[in-house]
Amino acid sequence: MSYQYGVDPFDALADPVRRDLLRALASGPARVVDLAARHPISRPAVSKHLRVLTEAGLVTVEDRGRERHYTLARAGLAPVRALLDELAARRPPIPESAFDALDLEVRRTVHDRRAGAGADAAPDAVRPQEESA
């Protein structure tokens, strides 16, 4: 499959460090030095992770003087969101046996209620006769 930015966004998201970088960038733009301070890896390693995220279209970068500011590219998450929406929309079909079991349960409930109503009515009908006799 060909990707707009050259790197599969799912491959980019496979690494836990990159996912954490995206979480940090969801709060707003950040510099490499700020992002590297949150991780036990070197700044060059964080820069490589950010490059992969950029190539996947998940992050944009803007040069401001000598600093590079990275921002989450929410539009880059569209393929991920589309997959999650597709998976969430799918429901397994309800097997016919489930309806049979439901029908049986409804019939039992109706039967039990009728039997219970008949048992409750009979003692009430008998009591007045006992009192009058």
Side-chain angles (χ1 to χ4, degrees):
M1 180 174 205
S2 176
Y3 294 96
Q4 180 178 355
Y5 295 97
V7 174
D8 181 351
F10 293 97
D11 288 341
L13 291 170
D15 188 282
V17 171
R18 291 194 283 264
R19 289 193 304 268
D20 192 53
L21 290 170
L22 289 175
R23 284 185 192 100
L25 292 172
S27 299
R31 303 173 302 159
V32 175
V33 68
D34 299 327
L35 295 168
R38 300 171 43 126
H39 294 85
I41 58 177
S42 67
R43 276 189 234 167
V46 170
S47 291
K48 287 182 182 180
H49 283 294
L50 289 167
R51 186 179 72 236
V52 171
L53 292 170
T54 302
E55 290 173 359
L58 299 171
V59 168
T60 59
V61 61
E62 179 184 343
D63 290 327
R64 295 183 191 166
R66 295 183 346 173
E67 296 178 337
R68 302 189 88 189
H69 291 255
Y70 290 86
T71 305
L72 177 65
R74 296 182 193 282
L77 295 171
V80 177
R81 185 172 291 115
L83 175 65
L84 294 175
D85 290 345
E86 177 187 341
L87 294 174
R90 290 187 182 182
R91 300 279 190 257
I94 299 174
E96 191 65 32
S97 61
F99 290 116
D100 293 340
L102 178 62
D103 182 57
L104 177 62
E105 200 57 39
V106 168
R107 289 175 188 268
R108 280 186 188 159
T109 302
V110 168
H111 179 266
D112 292 348
R113 285 187 180 168
R114 286 184 181 158
D120 290 341
D124 291 340
V126 171
R127 282 190 185 129
Q129 291 175 354
E130 291 175 2
E131 293 173 357
S132 63

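Numbers here are sequence positions counted from 1. Since the model is a prediction, treat every value here as computed from it, not as a measurement.
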Minimum-distance pair of heavy atoms, taken over all atoms of [X] and [Y]:
{"X": "A26", "Y": "R74", "value": "O-NH2, 3.1 Å"}
{"X": "L25", "Y": "Y70", "value": "CD2-O, 3.3 Å"}
{"X": "L58", "Y": "A12", "value": "CD1-CB, 3.9 Å"}

Roughly how far, to the nearest 0.5 Å, is the [atom2] atom of [Y] from the [atom1] atom of [X]?
{"X": "L13", "Y": "L53", "atom1": "CG", "atom2": "CG", "result": "7.5 Å"}
{"X": "L102", "Y": "R107", "atom1": "CG", "atom2": "CZ", "result": "11.0 Å"}
{"X": "E67", "Y": "D34", "atom1": "CD", "atom2": "CG", "result": "8.0 Å"}
{"X": "R68", "Y": "T54", "atom1": "CZ", "atom2": "OG1", "result": "7.5 Å"}
{"X": "L35", "Y": "H69", "atom1": "CG", "atom2": "NE2", "result": "10.5 Å"}

message = Determine whether D112 and R108 satisfy the following criterion, salt bridge (Lys or Arg N to Asp or Glu O under 4.0 Å), listing intermediate values before the conclusion.
response = CA-CA 6 Å; D112 292 348; R108 280 186 188 159; over 6 Å; no
query = Hey, does V52 have a side-chain heavy atom less than 4.5 Å from the side chain of K48?
reply = no
request  = Please examine the side chains of I41 and V17, heavy atoms only from C-beta on, and report whether any two atoms are closer than 4.5 Å.
outcome  = yes
Shared ILVMFWY cluster between [X] and [Y], side chains joined below 4.5 angstrom?
{"X": "V80", "Y": "L87", "answer": "yes"}
{"X": "L22", "Y": "L84", "answer": "yes"}
{"X": "F10", "Y": "V59", "answer": "yes"}

ask   = In terms of heavy-atom contacts, does CZ of R19 have more than 12 from other residues, nucleotides or ligands at under 6.0 Å?
value = yes
message = Going by side chain to side chain donor-acceptor pair (under 3.5 Å), name the residues that satisfy it together with D20, two or more places apart in sequence or in a different chain.
response = H39
query = Donor-acceptor pair, R81 side chain versus G76 backbone, under 3.5 Å?
reply = no
